[in-house]
**Q** 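For reference, the structure I am asking about is given below.
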Number of protein chains: 2
Amino acid sequence: MRRLSRTMDSTPMALYHHVRDKDELLTLVLEHVAQDLPRPELPDDPRERIIMVCESMYQAFIDNPWVVPVLARGELVGPSAVWMTEEIIGSLIACGLGHEQAFWTHQTIWYYTAGQAVHTPPHKTADSEDDSAPHYSAAAVTDPSPARFPHLAKLAGDARSLESQYSYRLGLTHILDGALPPGSTVR
Amino acid sequence: MRRLSRTMDSTPMALYHHVRDKDELLTLVLEHVAQDLPRPELPDDPRERIIMVCESMYQAFIDNPWVVPVLARGELVGPSAVWMTEEIIGSLIACGLGHEQAFWTHQTIWYYTAGQAVHTPPHKTADSEDDSAPHYSAAAVTDPSPARFPHLAKLAGDARSLESQYSYRLGLTHILDGALPPGSTVR
DNA sequence: ACCTGAACACCGTTCAAGT
DNA sequence: ACCTGAACACCGTTCAAGT
């Protein structure tokens, strides 16, 4: 609130005349973002629809990282983004799931998406400025002892390239493969 | 830091003589928590091993919710918890995955686990006290218009019971079913 | 070596007051 | 109706000083 009011050359308290709370402000911005989300043309195949909706949802989180912790508090999604939930559940049903299964699978997808979004560092913006203040940075698990952690040791070298090859889509397709009835779609 | 020092009847600055940073302190506590984690006896079947390790990982997050955002910053896991990663990747390989596939599937599981942990509200502790300060609470998607959101409308009534029936294990098994080669285990 | 006090630059929010 | 200033109760951290 203080920072925002500063960018507007105003006082913190001016904001409180338009908004009860920081929470109310966040909700309003959330809905604003939700309204601006592009609504892509979806393919006919329900499995492909799910993937496309989920990827735009994921992209929305990457573009607006602050949203994820706010949504995690469980308040609201911004009504203008509800079509995504509807679309995912509907397409899951079209893939042959029952209503309950569809709901649960949506839940799984949601957790996966939010989890990855939380762990994806926000865009390096211009004002990152490479800080160079050393702070305390813990030694990562760069070289695990091969004796105790043989598999990690084997992976250690290629960790970066492996991580870069991982994609949101990969995990999503695994979830779908595991949740959808076999043969629901050509694949 | 200030709050902690207050509970110790000390000054904020006393802490800084033992620790460079808030980050260093967090890392130390993180490692302390990691060391106290119970290490369950694991079954022989690799798929069951994965499930058991993941569930204790998930339980650890539920018990220590503050850990999740800290880990999300990507610094460190606490060396004493690395055995979990090793165990999961090893068991995935034992299920028939290649090293890369195992790494990626572990990644998927991790995102799913973190995502669900973030969304699970912390234990209602005694000091929650039901606040009763109304604040701003957004109207949830309780009754979606059946015209625009037919599936959500159908689910709306049972949302609570459906959510309560959902379990961490369900999503996890879906991921495993989708990621593991077919017939890798009896199922 | 270990701790303290004062200070700096932040937060969200309340309350009484100004136009 | 809209904005302000002073105040309260918070943050993490630095810096000079005390024992």
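By convention in this document, chain letters (A, B, ...) are assigned in the order of the sequence lines, proteins followed by strands, and residues within each chain are numbered from 1.
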**Q** Using the ring-ring contact (aromatic ring centres under 6.0 Å, His included) rule, collect all pairs that involve residues 2-28 of chain B, keeping only residues at least two apart or in two chains.
**A**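 For residues 2-28 of chain B: none.
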**Q** Return the set of residues passing salt bridge (Lys or Arg N to Asp or Glu O under 4.0 Å) with A:Glu163 (not counting sequence neighbours), or none when no residue passes.
**A** none
**Q** Please enumerate all residues that pass side-chain hydrogen bond (donor to acceptor under 3.5 Å, both in side chains) together with A:Tyr166, with sequence neighbours excluded.
**A** A:Tyr112, B:Thr108
**Q** Between protein and nucleotides 2-6 of chain C, what N or O pairs are separated by less than 3.5 Å?
**A**
unit_1 : atom_1 : unit_2  : atom_2 : d
C:dC3  : OP2    : B:His18 : NE2    : 2.6
C:dT4  : OP2    : B:Ser10 : OG     : 3.2
C:dT4  : OP2    : B:Thr11 : N      : 3.4
C:dT4  : OP2    : B:Thr11 : OG1    : 3.0

**Q** Output all residues satisfying salt bridge (Lys or Arg N to Asp or Glu O under 4.0 Å) with B:Glu55, sequence neighbours left out; order by chain, then residue number.
**A** B:Arg169
**Q** According to side-chain hydrogen bond (donor to acceptor under 3.5 Å, both in side chains), who are the partners of A:Gln101, at least two apart in sequence or on a separate chain?
**A**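 Scan of A:Gln101 (side-chain hydrogen bond (donor to acceptor under 3.5 Å, both in side chains), adjacent residues dropped) gives none.
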**Q** Can you tabulate the close N/O pairs, meaning under 3.5 Å, that link protein atoms to atoms of nucleotides 8-12 of chain C?
**A**
unit_1 : atom_1 : unit_2  : atom_2 : d
C:dC11 : OP1    : A:Arg6  : NH2    : 3.2
C:dC11 : OP2    : A:Arg6  : NH2    : 2.6
C:dC11 : N4     : A:Arg2  : NH1    : 3.3
C:dG12 : OP1    : A:Met1  : N      : 3.1
C:dG12 : OP1    : A:Lys22 : NZ     : 3.2
C:dG12 : OP2    : A:Met1  : N      : 2.8
C:dG12 : OP2    : A:Arg2  : N      : 3.1
C:dG12 : N7     : A:Arg2  : NH1    : 2.7
C:dG12 : O6     : A:Arg2  : NH1    : 2.3

**Q** Please name all residues satisfying side-chain hydrogen bond (donor to acceptor under 3.5 Å, both in side chains) with B:Ser91, sequence neighbours left out, ordered by chain then number.
**A**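 side-chain hydrogen bond (donor to acceptor under 3.5 Å, both in side chains) list for B:Ser91, sorted by chain: B:Glu87.
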**Q** If you measure from CD on A:Glu31 to CG on A:Leu26, what distance do you get to the nearest 0.5 Å?
**A** 13.5 Å
**Q** For A:Gln165, give me all partners under side-chain hydrogen bond (donor to acceptor under 3.5 Å, both in side chains), at least two apart in sequence or on another chain.
**A** none
**Q** Quick one: list whatever passes ring pair (Phe, Tyr, Trp, His ring centres under 6.0 Å) with A:Trp83, sequence neighbours left out.
**A** none
**Q** Restricting to pairs with a member in residues 37-69 of chain A, which pass ring-ring contact (aromatic ring centres under 6.0 Å, His included), not counting sequence neighbours?
**A** A:Tyr58-A:Tyr168, A:Phe61-A:Trp110
**Q** When rounded to the nearest Å, what value does the distance between C1' atoms of D:dA9 and C:dC10 take?
**A** 13 Å
**Q** Could you measure between the two C1' atoms, the one in D:dC3 and the one in C:dC15, and give it in whole Å?
**A**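 The same atom, C1', in both gives a distance of 14 Å.
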**Q** Would you please enumerate the stems DNA chain C participates in, each stem being three or more consecutive Watson-Crick or G-U wobble pairs with both distances under 3.5 Å?
**A** C:4-8 with D:12-16, C:12-16 with D:4-8
